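Some notes on the structure that comes next.
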There are 2 protein chains.
Amino acid sequence: MHRMAERPSSPPPPRLVDVAKAAGVSLATASRALTGSSGVSAEVAAHVRAVASQVGYVPNSHARALAGGQASMVGLVVHDVGDPYFGEIARGVLRETDRRGYLALISQTERDPRAELARIRALRAHRVTSIVLAGSGYVEPGTEADIAAEVRSVTAAGGRVAVIGRHHLPVDAVLPDNAAGAAALMRHLLGLGHRRLGVIGGPENLTTVEDRLAGLRTAYGEAGFDWRAVPVASGDFTREGGAAATARLMRAHPRLTAVVALNDPMAVGALSWLLNAGRRVPDEVSVAGFDDVPPARDVYPPLTTIRLPMVAMGRQALDLVLRPPATRPRRRRTGHELVVRASTAAPPTH
Amino acid sequence: MHRMAERPSSPPPPRLVDVAKAAGVSLATASRALTGSSGVSAEVAAHVRAVASQVGYVPNSHARALAGGQASMVGLVVHDVGDPYFGEIARGVLRETDRRGYLALISQTERDPRAELARIRALRAHRVTSIVLAGSGYVEPGTEADIAAEVRSVTAAGGRVAVIGRHHLPVDAVLPDNAAGAAALMRHLLGLGHRRLGVIGGPENLTTVEDRLAGLRTAYGEAGFDWRAVPVASGDFTREGGAAATARLMRAHPRLTAVVALNDPMAVGALSWLLNAGRRVPDEVSVAGFDDVPPARDVYPPLTTIRLPMVAMGRQALDLVLRPPATRPRRRRTGHELVVRASTAAPPTH
DNA sequence: AGCGCTTTCGGAAGCGCTTTCGGAAGCGCT
DNA sequence: AGCGCTTCCGAAAGCGCTTCCGAAAGCGCT
C-alpha cells in the first residue's frame with residue numbers, strides 16, 4: 001500500500017460518534033435520529049439532524065450496509081449504453097434513481113453472452129439487492145439455468161430483480177407487447193400492398209426476437225399468406241449487422257419490395273445499404289424498424305417504426321425493483337404505437 | 001423493518017471465515033491469499049483460492065471497503081446518458097470498468113445546474129474515491145466554488161477525480177482540442193466560399209462552448225473577416241434547442257448561407273427546421289455540427305462535423321482516475337478529425 | 001551449537017454503523 | 001405513596017473484512 005506523501009491532509013470526515021458527541025447524545029440515539037427509526041423524541045431527533053448537517057456529516061454507506069442497514073444502490077445491466085435503445089432505458093432508470101436518492105451501478109454486456117452472468121455476480125458481490133436486467137436475454141445457450149440460479153439467489157436473500165423485455169425469468173417484468181407491435185407493423189406494410197417482404201432478424205435465443213417474429217408471422221398468416229415464403233436474414237441488432245443482412249437478403253431475393261428490421265439500428269443499416277446500392281427508398285423498397293429510437297426520425301428517409309416508451313420502461317422497472325415484493329411476479333405491459341414516416345410507401349406498380 | 005415471510009431461505013453466503021476454516025488456515029491467511037498481499041506462500045495461497053472458488057465465496061465489498069481495502073467502484077457523472085455524446089463516453093468508461101473488474105456508479109445531471117454538486121456529494125457519501133466528471137461544466141453560476149471545494153475534499157481524502165472536456169478544475173483532464181477542431185470546421189466552410197454564417201451556441205459558462213466559439217472566431221478572424229458580424233443564437237445542446245435557435249437565426253438573418261452548431265444534436269435540429277421551412281441543404285444553406293455522434297452519418301443530409309473519439313475519451317478518463325496520482329494534474333489531449341459529408345457545400349452563386 | 005535474520009502464519013484489534021437489550025424516567029392509576 | 005406501564009435513551013454486541021504485531025519456524029552464519 002503505497003500511501004504517498006499526503007497533501008496538507010484535510011481533517012478526516014466526521015463520523016457518527018462525532019455527531020453524537022457534538023449533540024450531547026449517545027451513538028445509538030444519533031443513529032436512530034438520522035435513520036428515522038422510532039424511539040427518539042422529535043426534538044432530540046431534530047437537534048441531532050441539525051448538528052449533523054452543520055458539521056457536514058455524511059454517513060458511511062459501507063458501514064451502514066455492513067451493519068445491516070438499507071442499501072441505497074441499485075444495479076442495472078444493459079447490453080450497451082451507447083445503443084440508443086438501452087441509452088433511453090438507462091436514462092429512465094437514472095432519472096428515477098436520482099430522484100429517489102439512490103445510486104445506480106451500471107454495467108454492460110456488450111453482446112458477450114457469458115458476460116451477463118458475470119455482471120450479476122459482480123453486483124451480488126457488492127451486495128446490491130435490487131437489480132434491473134435490460135440485456136434482452138441474449139445469453140449463451142446453456143447459461144440460462146445459471147442465470148436463473150443467480151437470480152434466484154438474489155431473491156432468496158431478500159433482493160429484488162426486474163427484467164425488461166424478457167419473460168423467461170420468474171421475476172417482475174416490464175414487457176412491451178412485441179408481438180402486437182410487430183403485427184401492427186406487418187399490417188401496415190400489407191395494407192400498403194407489399195407481398196414480397198424480407199425480414200432482418202436478430203440473435204437466436206432472444207425472447208424479444210421470437211416475439212417480434214411471431215407477431216410478423218401472425219399478421220402475415222392472418223392476411224392469408226404463407227410465412228414460409230418470407231426470407232429471414234439474421235442481424236445482430238447493430239447498424240452494421242443490419243446492412244450485412246440486407247445485402248444477403250437482397251442478393252438472394254432481388255425482387256423484395258419491403259424489408260422489416262427487428263430494431264431501428266438494423267433498419268438504418270438497411271437504408272444505408274439500399275441507398276448505397278442505388279435502390280430508392282421507399283419508391284423501390286420500403287424499410288421499417290422497431291423501437292423508434294431518437295435518431296429514427298432524422299435518418300433518410302425518416303423511419304417507419306413501432307414506438308416503445310423506453311424511458312418509461314426504465315422508470316417502471318426501477319419502480320418494481322424498489323417496491324415491496326408481491327407474492328407472485330408482476331408483469332407491467334407497456335403500450336406501443338405505429339409511427340408511419342417516409343421510409344414506407346406502396347410498392348412499385350409495374 | 002418489515003421482513004416478510006422468508007421464502008425457503010437459501011443458506012447464507014459463505015464468509016471469509018468459512019473459507020479459512022475449510023482450507024485449514026487462519027482468517028488472516030485467507031484474507032492475504034485472496035487479496036494477493038504478500039506474506040503467504042504460493043502453495044497456501046493457491047489452495048485457499050481453490051477452496052474459495054469451490055465453495056462459491058464472494059467477498060463482501062462493504063466489509064472490505066470498511067476495513068480499509070481498495071474500493072472497487074468508480075463514479076461517473078454525465079448530463080444525460082440518452083444523449084449520444086455522453087452515451088459514447090459512458091460506453092468507453094464502462095468497457096474499461098468491466099474489463100478491470102470495477103463497477104461504475106452513474107448518475108446524470110440532466111442539465112440541472114445544481115445537480116452536479118448533489119451528485120458528487122452522493123458519490124462521496126458512498127465513499128467512492130474515483131470520479132469521472134463528464135458533465136461539461138454546465139453549473140449554476142456561483143456553484144463553481146462549491147464544486148471545486150467538493151472535488152478538493154475528494155482528492156484531499158486520497159480520492160481521484162478526472163474531468164472530460166473541461167479545464168477549470170485542478171485535476172486530471174481529458175481534453176479534446178475544441179478550439180482547433182472548431183477552427184478546422186470554420187476553415188472548411190470558408191474554403192467552400194461561405195461568408196455569411198450563423199452560429200448556434202450553447203449554454204453560458206460552459207468551457208466547451210467557449211473553446212469552440214473561440215476556435216470559430218480565430219479562424220474567421222485569420223481569414224480577414226470581422227467576427228462581430230457573425231450572429232450567434234444560443235441553443236441548449238439538444239435537437240429541439242438547435243431547431244429553435246435556427247429559427248431565430250434565420251428569421252433575423254434570412255441570407256445566411258451556412259450555420260454551424262456547436263454540437264451534432266443541435267445541427268440535426270437545424271437541419272430539421274431548415275428542411276421544414278423549405279430551405280434546401282446544402283444547396284441554399286450548409287449545416288455543420290460537432291462531435292460526430294453515431295447518428296450524424298445517417299441523418300439527411302449526412303452531417304459534416306468534427307469527430308471526437310468519445311469512447312476513447314471515456315476510457316482514458318477512467319484510466320487516469322485509476323492510475324496512481326501524479327504530483328500535478330495531467331492533461332490528455334485527444335485528436336479530432338474533420339469529417340466532410342453532404343450537409344456542407346459551396347454557397348449559392350447568385 | 002547458538003546467534004540473528006527472514007519468511008510464514010495466527011490472534012486480535014478495529015473500520016463506522018445498526019440494533020438488541022436493559023435501565024432510567026415519566027405517566028396515570030389504585 | 002406505590003404500582004405497573006410506556007417512552008426515551010445508553011452500553012455493548014456484532015456485521016465481514018484487512019492489517020498490525022508477535023510467535024514460530026526455517027535459514028546461513030560464526
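Just so it is clear, the structure is predicted and the values come from calculations on it, not from any experiment. Below, read A as the first sequence line, B as the second, and so on, with proteins coming before strands; counting in each chain starts at 1.
Side-chain nitrogen and oxygen atoms of A:S31 include at least one within less than 4.0 Å of the OP1 or OP2 phosphate oxygen of C:dT18. B:T35 has no side-chain polar atom (N or O) that falls below the 4.0 Å cut-off from OP1 or OP2 of D:dT18. Residue B:S41 has a polar side-chain atom (N or O) positioned under 4.0 Å from OP1 or OP2 of C:dC9. Taking 4.0 angstrom as the limit, A:S26 places none of its side-chain polar atoms (N or O) nearer than this to OP1 or OP2 of D:dC9.
Under 3.5 Å, the side chain of A:R127 and the base of D:dG16 form no donor-acceptor pair of N or O atoms.
Residue A:H62 contributes atom NE2, which lies 16 Å from atom C1' of C:dT18 at whole-angstrom precision. As a whole-Å value, the separation of B:N60 CG from D:dG16 C1' is 6 Å. Atom P of nucleotide D:dC8 and atom CZ of A:R32 are separated by 11 Å, given to the nearest angstrom.
As the counterpart of C:dC17, D:dG14 is assigned, both hydrogen-bonding distances of the Watson-Crick or G-U wobble pattern falling under 3.5 Å. Pair assignment for D:dC9 gives C:dG22, based on Watson-Crick or G-U wobble hydrogen-bonding distances that are each under 3.5 Å.
For the salt bridge (Lys or Arg N to Asp or Glu O under 4.0 Å) with A:D172, the qualifying choice from A:R330, A:R332, A:R331 is A:R330, the only one to do so. When the options B:R127, B:H62, B:H126 are evaluated for a side chain to side chain contact (heavy atoms under 4.5 Å, CB included) with A:N60, the one that passes is B:R127.
Along DNA chain D, the nucleotide closest to A:G39 and the one closest to A:L27 are compared, and the more 5′ of them pairs with A:G39.
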